[in-house]
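Data first, discussion second: the structure below is written as structure tokens.
Only this structure's heavy atoms are used, side chains among them; waters, hydrogens and symmetry mates stay out. Residue numbers count from 1 along this sequence.
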Amino acid sequence: MSASAVFVLDLKGKVLICRNYKGDVDMSEIDHFFSLLMLQEEEGLVCPVMSHGNVHFLWIKHSNLYLVATTNKNSNASLVYAFLYKLVEVFTEYFKELEEESIQDNFVVVYELLDELMDFGFPQTTDSKILQEYITQKGNKLEVAKTKVPTTVTNAVSWRSEGIKYKKNEVFIDVIESINVLVNANGSVMSSDIVGSIKLKTMLSGMPELRLGLNDRMLFALTGRDKGKSVAMEDVKFHQCVRLSRFESDRTISFIPPDGESELMSYRINTHVKPLIWIESVIEKFSHSRVEIMVKGGKELLMRAHFGLPSVENHELEGRPPITVRFEIPYFTVSGIQVRYMKIIEKSGYQALPWVRYITQSGDYQLRTNS
């Protein structure tokens with residue numbers, strides 16, 4: 001089960017707008033939410049789920065608003081929270097900034113969106129691009145909106161509209177990996193992993209089917225192919241367009257892509273990562289009013305800085321925070337993941353060009369120093 005009703009409140013607990021989806025929870029129950037929240041804040045034990053009698057409040061805070069869902073059943077909390085965050089995403093797409101003023105200025109549009117986003121407590125059409133086809137921000141357009149519901153709403157391919165045409169058909173693939181590394185003061189790697197993302201920018205006509213091939217270790221094992229470097233991906237998460245049953249059976253990534261930019265998939269690789277960038281720092285105090293900091297990066301870069309300070313002496317030991325590094329390396333992935341092929345199949349038979357770009361960047365990349 002999911003939500004019975006959804007409310008948007010201001011910081012004082014006043015209801016700005018609400019939608020009753022199932023009618024099984026008294027709408028006046030929301031009056032207890034803010035008092036429960038204040039009580040928990042006073043006790044320092046704020047919980048994302050609060051209850052009054054047999055009614056449960058699942059809530060999030062965004063800017064100067066509270067978004068609250070109510071239910072009296074043993075609902076799927078993860079589904080409800082995913083929906084609340086999707087509400088924030090959709091409203092932000094429409095109004096640029098989601099805050100109290102944007103809700104008050106767009107009551108009609110917000111009501112229309114609440115009607116389309118959820119039906120009888122269950123999420124329905126949540127793609128902002130599809131919603132923008134028939135819910136506009138101008139009141140007069142709402143009155144003369146299309147009487148025929150776009151096929152994307154009832155179609156199995158709800159994330160892509162029909163009739164898309166481009167003069168030049170292209171697909172841009174970005175393979176982006178972020179490195180998380182923590183190195184102690186002795187130079188030993190304490191923890192490391194790689195978080196990857198494959199992003200698409202598709203400019204393709206019609207309803208093409210795409211098949212993406214990676215050097216996936218499990219795929220190579222299934223097909224008996226051991227040649228070349230392969231990677232073992234964990235925690236793989238796909239866009240809804242990917243046919244999960246096909247991937248689970250033979251590891252084929254097959255999909256009809258959304259138009260424009262989207263994240264096709266994300267993954268994690270739990271492996272020992274050798275630091276790509278090494279930095280040493282030396283801090284020396286000369287008298288009470290001068291500090292010299294020397295930072296050395298690899299074999300080529302050296303920075304030496306002198307700071308003139310007020311003549312203040314502190315006998316207490318000073319803690320030194322770790323050095324955080326930010327970098328981006330094009331044309332390279334640490335894991336060695338590769339796009340082996342991208343097949344584009346469309347009934348008209350047009351030729352399309354796939355372009356691939358690899359980027360490695362810093363994630364949480366920290367090097368501790370001697371205190």
Margin query: Are there over 12 heavy-atom neighbours, none belonging to Tyr85, within less than 6.0 Å of that residue's OH?
Written below: no
Item checked: Cluster link Tyr111 to Leu98, ILVMFWY, side chain under 4.5 Å -> yes
Notebook entry, point to check: Which pairs with one or both residues in residues 32-51 pass salt bridge (Lys or Arg N to Asp or Glu O under 4.0 Å), sequence neighbours excluded?
Noted result: none
Margin query: Could you walk me through whether Glu116 and Leu131 satisfy the side chain to side chain contact (heavy atoms under 4.5 Å, CB included) test, starting with their C-alpha distance in whole Å, then the side-chain angles of each, then the deciding distance to 0.1 Å, before giving a yes or no?
Written below: CA-CA 8 Å; Glu116 295 296 336; Leu131 289 166; 3.8 Å; yes
Next item on the list: Tell me, yes or no, whether the heavy-atom count around Arg368 atom CZ, taken from other residues, nucleotides or ligands under 6.0 Å, exceeds 12.
Entry: no
Notebook entry, point to check: Can you list every salt bridge (Lys or Arg N to Asp or Glu O under 4.0 Å) pair that touches residues 164-192, not counting sequence neighbours?
Noted result: Lys168-Glu170, Asp174-Arg357
Item checked: CE/Met218: more than 12 non-hydrogen atoms of other groups inside 6.0 Å -> no
Next item on the list: Apply the test side chain to side chain contact (heavy atoms under 4.5 Å, CB included) to residues Thr71 and Phe57: give CA-CA distance (whole Å), side-chain angles for both, the deciding distance (0.1 Å), then the verdict.
Entry: CA-CA 7 Å; Thr71 180; Phe57 303 99; over 6 Å; no
Next item on the list: Indicate yes or no: does Glu234 engage Arg268 in a salt bridge with an N to O separation below 4.0 Å.
Entry: yes
Next item on the list: Flag this pair as yes if the NZ/CZ of Arg19 is under 6.0 angstrom from the six-membered ring centre of Tyr21 and inside a 45 degree cone about the axis; otherwise no.
Entry: yes
Next item on the list: Inspect the contact between Arg246 and Glu248 and indicate whether a charged nitrogen and a carboxylate oxygen are less than 4.0 angstrom apart.
Entry: no
Check: How about Glu101: does its CD atom have over 12 heavy atoms from other parts shown lying under 6.0 Å from it?
Finding: no
Note to self: Does Tyr341, at its OH atom, have more than 12 non-hydrogen atoms belonging to other residues, nucleotides or ligands within less than 6.0 Å?
What the structure shows: yes
